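One structure below.
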Amino acid sequence: MTFTLSPGALAPGARIGILGGGQLGRMLALAAAGLGLRTHVFAPEADSPAFDVCAERTNAAYEDEDALAAFGASVDVVTYEFENVPARTAALLSDLCLVRPSPAALAACQDRLVEKEFLAGLGIPVAAYMRVDDAGAMARAVAQLGRPSILKTRRFGYDGKGQALVREGGDLAVIFRSLGGAPAILESVVPFSTEISVVAARGAPGAFVAYDVCENWHENHILKFTRAPARVAPETAAEAIELARAIADALDYVGVLTVEMFVVDPPRGSAGPQTLRVNEIAPRVHNSGHWTLGGAQTSQFEQHVRAIVGWPLGGALRQGAEVEMENLIGEEVFGFEQYLREPGSSLQLYGKAEARPGRKMGHVTRVAPAKPA
Ligand code: AMP
């Protein structure tokens, strides 16, 4: 078959390797299949949800170089569904095939200190932060940034793990040890009114498409609800998208990325604008973008796939007046039938065998119809 392709684009039937086999990998694989692309999922966990829906699977450790070599040789492009892939794994694969987003973009988002320095270097506002490598540095950082402040491990933090609040009276050495003494950063607490994120895609030739800025609520440090559009000033939403664009351009990014930000309201009685602080960058599709599956013209999963194979990006317009995504966590999934009965909602279940506390089992998307003109 002879397809008409833009320069650098892969043809339908191309093979996509996905590092990581969780629900994000599963929804990426499903979107790829919808575009006539084949996926090969590489994941260390034997019961990975993405294994159920891909053409090929490799169940091996990220350090298994023989398995990585075979995986890299079997695909045209490799991507990932989470950012804690070892740097050596990404580097090894990039000798064998395209890796998108690039290992350099991945590295910029794996370490909170590197990430903060990258953002600050671009002039992007972030919370005040200091590097903390030992108990002495911790004491100096708290003296400088004050309390309350938040200690975060530089690597492997997610869903509030690897974080400790430094309260008035808290013993600093004990707090530092509570995170295992790992290299960390201390951040001042941002007095935010709203947590938002920008989910956006950058295509191979630099095309950029952002979804509506959305608003996030967490319960027990785990995302519970996302709402699009975020209820922030239009100028704030526009500024958030410009920050995401500047980050994507600086990383020469290819794929979907998510930028989480805090919105700080002006002091009561002041007419000043809301301001933003970027909290973190996820170099991948993200839980706060799940609403786009059924709630936007093109889902974030399809958008990511289009970007990494070099195809035109899809429309990102929201469907309906507003869209809400609710995560089903742990045993909440047992009531799944009630969500199927809700008019205007759609349900995704991730096929996980066990509903452990805190585990993301599925999500519901509710599209509120547009109001009649
Ligand atoms: P993170 O792991 O950095 O995404 O942080 C998890 C959650 O902790 C965020 O969603 C916020 O609710 C809260 N948080 C993190 N950093 C800060 C900060 N500097 N100021 C206020 N809240 C924060």
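Both counts, for ligands and for their atoms, begin at 1 and track the order of listing. Small disclaimer: the values here were computed from a predicted structure and weren't measured.
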- request: Report yes or no: does a heavy atom of P191 sit under 4.0 Å from some atom of ligand 1?
  value: no

query: Where does N279 meet ligand 1, judged by heavy-atom distances below 4.0 Å: at the side chain, the backbone, both, or neither?
result: side chain

- prompt: Just which atoms of ligand 1 are under 4.0 Å from any heavy atom in K152?
  reply: 3 (O), 15 (C), 16 (N)

Short N or O distance, E260 and ligand 1, threshold 3.5 Å exclusive: no

- request: Look at ligand 1 and say whether Q163 reaches it with a heavy atom at a distance under 4.0 Å.
  value: yes

query: Does the gap between the ring centers of F82 and Y62 come in under 6.0 Å?
result: yes

message: I'd like to know if the side chain of Y211 reaches the main chain of T298, judged simply by a donor and an acceptor atom lying under 3.5 Å from each other, with no hydrogens or angles considered.
response: yes

- prompt: Regarding H290 and Q23, is there a side-chain donor-to-acceptor distance under 3.5 Å anywhere?
  reply: no

- request: For ligand 1, indicate whether the residue K161 contacts it via side chain, backbone, both or neither (heavy-atom separation under 4.0 Å).
  value: neither

task: Quick one: list whatever passes side-chain hydrogen bond (donor to acceptor under 3.5 Å, both in side chains) with R177, sequence neighbours left out.
output: none

query: Which atoms of ligand 1 have any heavy atom of E195 under 4.0 Å away?
result: 9 (C), 10 (O), 11 (C), 12 (O)

Residues 26-40 side chain polar contacts: donor-acceptor under 3.5 Å, at least two apart:
from: R26; atom 1: NH1; to: P49; atom 2: O; distance (Å): 3.0
from: R26; atom 1: NH1; to: D52; atom 2: OD2; distance (Å): 3.4
from: R26; atom 1: NH1; to: Y350; atom 2: O; distance (Å): 3.3
from: H40; atom 1: ND1; to: S74; atom 2: OG; distance (Å): 2.8
from: H40; atom 1: NE2; to: T58; atom 2: OG1; distance (Å): 2.7

query: Any non-hydrogen atom of H221 lying under 4.0 Å from ligand 1?
result: no

query: Going by the atom numbers of ligand 1, which of them fall below 4.0 Å from some non-hydrogen atom of S188?
result: 18 (C), 19 (N), 20 (N)

query: Can you list the ligand 1 atoms lying under 4.0 Å from a non-hydrogen atom of V189?
result: 20 (N), 21 (C)

query: Do the two ring centres, one from Y80 and one from H304, sit under 6.0 Å apart?
result: no

